[in-house]
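Each chain gets a letter, A, B and so on, in the order the sequences are listed, and its residues count up from 1.
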Amino acid sequence: MYNILVCDDETDIVSALKIYLEAENYNVFCAYNGKEAVEIVKNEQIHLVIMDIMMPVLDGITAMSKIRLLSNIPVILLTAKSEDTDKVLGLNVGADDYVTKPFNPVELLARVRSQLRRFFSLGSAPKQSDNVLNVGSITLDDKTKIVTVEGENVNLTPTEYEILKLLMQSPGEVFSLKRIYSEVWNEMVIGSESTVAVHIRHLREKIEINPAEPRYLKVVWAKGYKIEVGGNS
Amino acid sequence: MKKKNLKNSTPFKIFAFVSSFVLLCITVISIAAAAFMVEFDFYTRPLDALKSSANRRLAQEISYELADHYENYISDLKNLASFESKVSELNTSANWRYTIKGDESFSNYKGEEAFNYNFYQQVYVYGDDSQNVSGEFKGYDITIHVLKNKKATDQFSFCEKIIGILYSLRFSIYVVFLLSISLFAVCIAFLIISAGYKKQDDEIKLDFFDKIPTDIFTALLFVVGFLNYIVILISLEISAALLIMSIPVLAFIDYTSIALYIKNIVIKTRLESFISDLFVVRFFKWLFSPVIRFVKRENSNRRTVIIGLSVGLVLFLLISVDFENGNYLPKLILAGITAIIAFSYFIVRNNKMAELVDTSEKIKNGYFQSTVNTSRLYGEMYTLGCNLNRINDGMKIAVSDKTKSERFKTELITNVSHDLKTPLTSIINYTDLLSELNLEDDRAKEYIKVLSRQSQRLKKLTEDLIEASKASTGNIKINFEKIDVVELVNQSLGEFAENLENVHLTPILKTTSQSIFINADGKRLYRVFENLFCNIVKYSQEGTRVYIAVEERQDRVYISFKNISRDMIVVTENELTERFVRGDSSRNTEGSGLGLSIAKSLTELQEGDFKIRCDGDLFEALLIFKRL
């Protein structure tokens with residue numbers, strides 16, 4: 001049973017989140033400004049914080065830096081600002097994830113689950129072995145052909161599996177459609193690049209919480225695709 | 001590095017300049033000395049012979065004076081006292097003695113060891129006119145004894161010393177000459193190379209002397225030469241000493257002026273402004289600039305002027321040339337002057353008018369900084385200039401107001417959209433919660449679906465609204481880089497494969513080559529493609545084909561998306577890219593009506609052209625970029 005702190009000056013949003021989180025069997029604490037949130041983190045055993053940025057008394061960014069002085073529990077920022085610069089600022093001051101309003105409840109719950117699992121279950125680095133590739137919390141075992149994301153098995157088609165393996169072999173490197181095609185299909189057929197793009201879109205849907213804002217399999221528009229941990233898309 | 005420092009150091013330049021002057025003097029003196037020595041056989045005769053001939057010359061000078069005194073003595077009734085005082089005045093130094101042998105003999109020679117130089121002189125002695133006795137010539141000898149042991153400093157010892165020095169230097173003088181002339185050349189070379197460079201920077205700086213036009217400077221040089229001449233004449237009148245003193249001063253002044261003159265020419269040549277800086281050229285430019293401007297300018301009413309000119313010429317000929325009278329020259333001149341004044345006025349007026357036209361043209365094109373200078377305008381042209389300025393000011397204010405209000409609008413839209421998002425979050429969340437409740441009434445479920453769909457639409461609308469306002473005001477940072485359009489089209493096709501399939505659309509891609517590069521922002525260009533694909537999915541007739549083409553033509557890349565519209569397109573092509581305009585007037589389908597507006601703004605921010613074409617039901621979006 002995890003304790004989750006929800007902090008937003010809009011009571012309706014706090015209540016809605018409380019309903020969602022309690023339905024998933026989390027214990028929810030509520031705060032309505034940054035100061036209250038810091039107090040609760042100080043006094044209670046909190047496992048994860050969901051917090052708005054624009055709040056009265058103490059704003060989310062300041063509150064977050066105060067919470068970071070007390071603990072390094074996961075913090076998910078929740079805000080109406082959707083600019084890239086806002087996201088970068090939030091992540092730079094120590095947030096673990098960032099969700100923009102209006103949010104999809106299912107996505108938010110998935111992110112909460114992911115952060116808790118990362119922090120409490122997968123804290124230590126996974127064991128290395130010859131046939132296992134690791135990028136962040138994605139694990140690909142070439143022997144058993146099993147792919148897990150944050151400990152959960154993912155079912156991939158053979159093509160998707162080959163593409164993922166190719167990308168994971170050199171994390172951070174950008175692969176163009178032509179290159180992926182020639183390496184996975186072992187032949188050069190011009191005009192079939194969009195087929196590869198379709199496979200990658202499916203792959204992204206399977207391993208990402210929100211395929212539109214991927215955390216691992218990133219699209220470099222007009223250049224290709226890459227697998228990478230952290231950073232901003 | 002050191003050379004550069006020297007080049008910019010003013011004290012060093014002054015040092016070089018003064019040295020060059022001194023070296024030049026040494027060179028001249030050495031040349032003179034060498035010439036002197038060649039003339040007097042220094043290189044063929046021994047030192048003693050040289051000294052002896054010098055002594056002889058000096059002795060001769062003395063003998064002439066002695067002869068003068070002796071003649072006076074004879075004609076002055078043999079006034080011995082006067083003769084002796086004059087001779088003793090002459091014979092101040094102890095280095096020589098004399099002997100005169102005539103009617104009477106005089107001598108102060110006491111038999112010392114000496115070189116003797118004999119001179120024979122004649123004197124005409126007048127006879128007594130009253131007794132008709134004519135005069136006669138009487139000869140006498142003068143011997144000058146120059147002592148071998150010089151006792152005092154006089155012309156003989158001085159001369160011997162000089163000859164001794166010159167003789168000892170007779171070969172080394174050439175070394176001195178070569179050395180001084182080469183050092184002089186080095187100094188001059190340095191001065192020429194470094195001319196115009198001042199401290200700290202490598203730019204050529206002009207001082208007062210460099211700004212003088214070269215022809216004016218030439219004239220000034222002549223003035224300096226003339227002044228020299230006058231100074232020398234005056235000094236000659238006053239005394240020889242003054243002349244000797246004034247010569248080095250004059251030489252230095254002349255040398256400085258010539259050096260400055262050369263520097264002037266060097267710098268002007270270096271700046272390639274030698275000819276254009278000439279006073280004559282400047283003067284003629286100034287004189288003819290109105291004419292040149294008039295001739296150069298296109299679109300001026302040149303034809304009117306030419307007609308005016310020809311009519312004037314004909315009139316001028318008719319009026320002025322009175323051949324019968326014969327005396328037509330004054331009339332001709334008068335008429336010519338009148339014509340020139342009239343033409344000048346005409347041309348100047350025409351140029352001012354042209355200026356007004358130019359300014360109005362600039363204002364028309366949006367350069368609101370340009371104003372008319374009304375200080376040189378008169379009459380109705382002054383009014384026109386003032387009015388133009390006033391209109392310009394009004395435009396300036398209007399444009400800045402427009403920009404301000406545009407920015408204000410963007411801020412307002414962004415803020416309102418942010419504020420809309422918070423209540424919207426609650427609406428979406430509670431609608432979602434409501435849908436999970438066990439409602440018995442089927443109508444309630446239906447209503448919840450409507451709520452859910454419309455709140456999602458509202459969400460999309462607020463997001464698009466922010467983006468549209470930012471894109472249309474250029475409030476977005478574009479990261480330009482070399483990108484492959486073919487890759488991007490393929491990626492987009494991958495993203496939209498299912499959406500297209502769902503409405504049974506078949507995409508067909510045609511490219512002129514495998515990779516086509518342009519300069520754009522991949523992320524933003526994808527937003528453009530995304531909006532276009534969204535429109536295609538939303539508005540295409542089901543089961544048709546979608547043609548996507550990426551073509552290189554000359555230096556441009558054309559990216560076109562063609563699809564068949566499901567409904568009749570009732571709005572014009574231009575209206576489609578306006579904000580909130582949609583192909584269907586009912587506004588029933590999802591979408592904000594901002595997609596094409598955003599696509600157009602983003603394309604233009606990436607320096608591309610965005611065009612929409614409708615031909616019946618065929619809808620085409622065309623993006624044009626510069627090819628890399």
Side-chain angles (χ1 to χ4, degrees), chain A residues 8-20 23 52-54 78-86 99-106 108 174-181 188 190-205 211-212 219-225 233, chain B residues 414 417-433 436 455-456 458-459 462-463 466-467 470 476-477 481-498 501 507-511 513-515 517-518 520-527 529-530 548:
Chain A
D8 195 320
D9 56 331
E10 196 73 25
T11 48
D12 289 341
I13 292 179
V14 176
S15 310
L17 278 171
K18 196 169 172 186
I19 295 165
Y20 282 121
D52 187 20
I53 287 183
M54 288 185 287
L78 189 64
T79 178
K81 287 188 174 179
S82 57
E83 307 303 305
D84 285 349
T85 47
D86 297 323
V99 175
T100 52
K101 286 181 193 171
F103 54 84
N104 178 356
V106 181
L108 182 68
V174 179
F175 289 81
S176 71
L177 288 171
K178 292 180 193 80
R179 185 164 162 208
I180 295 171
Y181 195 91
M188 277 299 295
I190 293 144
S192 306
E193 287 95 339
S194 61
T195 323
V196 186
V198 175
H199 283 290
I200 287 171
R201 169 146 181 94
H202 290 158
L203 185 56
R204 224 162 64 221
E205 277 160 2
V219 189
V220 185
W221 293 112
K223 299 245 159 112
Y225 301 88
S233 51
Chain B
T414 313
S417 305
H418 279 150
D419 289 345
L420 281 176
K421 277 181 182 175
T422 308
L424 191 57
T425 310
S426 289
I427 294 171
I428 290 173
N429 288 344
Y430 284 96
T431 312
D432 185 57
L433 286 171
E436 280 169 23
S455 57
Q456 286 300 334
L458 199 56
K459 175 186 165 186
T462 55
E463 281 163 3
I466 294 176
E467 196 175 5
K470 291 205 163 176
I476 283 180
K477 196 171 170 264
E481 53 184 346
K482 185 184 173 184
I483 60 164
D484 181 356
V485 185
V486 179
E487 179 88 8
L488 187 62
V489 170
N490 277 321
Q491 285 180 320
S492 313
L493 278 173
E495 297 294 317
F496 280 90
E498 271 115 68
E501 222 167 273
I508 291 168
L509 173 65
K510 268 194 231 157
T511 63
S513 79
Q514 260 186 288
S515 295
F517 293 100
I518 62 167
D521 183 335
K523 207 172 149 191
R524 305 289 179 202
L525 193 56
Y526 173 66
R527 273 295 288 152
F529 287 9
E530 194 184 10
I548 299 144

Quiz item: Which region of K510(B), side chain (C-beta onward) or backbone (N, CA, C, O), has a non-hydrogen atom less than 4.5 Å from a non-hydrogen atom of chain A, or is it both or neither?
Solution: neither
Quiz item: Pick from L509(B), I483(B), L488(B): which one has the most heavy-atom pairs with chain A under 4.5 Å?
Solution: L488(B)
Quiz item: Is it the side chain or the backbone of H202(A) that comes within 4.5 Å of chain B heavy atoms, both, or neither?
Solution: side chain
Exercise. Using a 4.5 Å cut-off on heavy atoms from C-beta on, say whether the side chain of N429(B) contacts that of P105(A).
Key: yes
Self-check item: Backbone of L177(A) reached by a side-chain donor or acceptor of E487(B) within 3.5 Å
Solution: yes
Self-check item: Heavy-atom check, side chain of Q456(B) versus side chain of P102(A), under 4.5 Å
Solution: no
Quiz item: Rounded to the nearest 0.5 Å, how far apart are CZ of R527(B) and CH2 of W221(A)?
Solution: 11.0 Å
Self-check item: chain A interface, residue from G494(B), S515(B), G522(B), S492(B) that has the most non-hydrogen pairs under 4.5 Å
Solution: G494(B)
Quiz prompt | Minimum-distance pair of heavy atoms, taken over all atoms of A80(A) and K421(B) | solution = O-NZ, 2.9 Å
Self-check item: Check: V198(A) and E498(B) side chains under 4.5 Å, non-hydrogen atoms
Solution: yes
Quiz item: About how many Å separate OG1 of T425(B) and CD of E10(A), when rounded to the nearest 0.5 Å?
Solution: 8.5 Å
Quiz item: Under 3.5 Å, is there a donor-acceptor pair between the side chain of K101(A) and the main chain of T422(B)?
Solution: no
Quiz item: Where the side chain of Q491(B) meets the backbone of V219(A), is there a donor-acceptor pair that is under 3.5 Å apart?
Solution: no
Quiz item: So, the side chain of Y430(B) versus the backbone of D12(A): is there a donor-acceptor pair under 3.5 Å, distance only?
Solution: yes
Quiz prompt | Interatomic spacing from CD1 in I19(A) to CD in E436(B) - rounded to 0.5 Å | solution = 10.0 Å
Practice problem: With the side chain counted from C-beta on, respond yes when D432(B) and Y20(A) share a heavy-atom pair under 4.5 Å apart, and no when they do not. | Solution: yes
Quiz prompt | CA sep, side-chain torsions, deciding dist, call: F103(A), I428(B), side-chain contact (heavy atoms from CB on, under 4.5 Å) | solution = CA-CA 8 Å; F103(A) 54 84; I428(B) 290 173; over 6 Å; no
Exercise. Check L493(B) against S194(A) and note the closest heavy-atom contact, atom names and distance.
Key: CB-CB, 3.7 Å
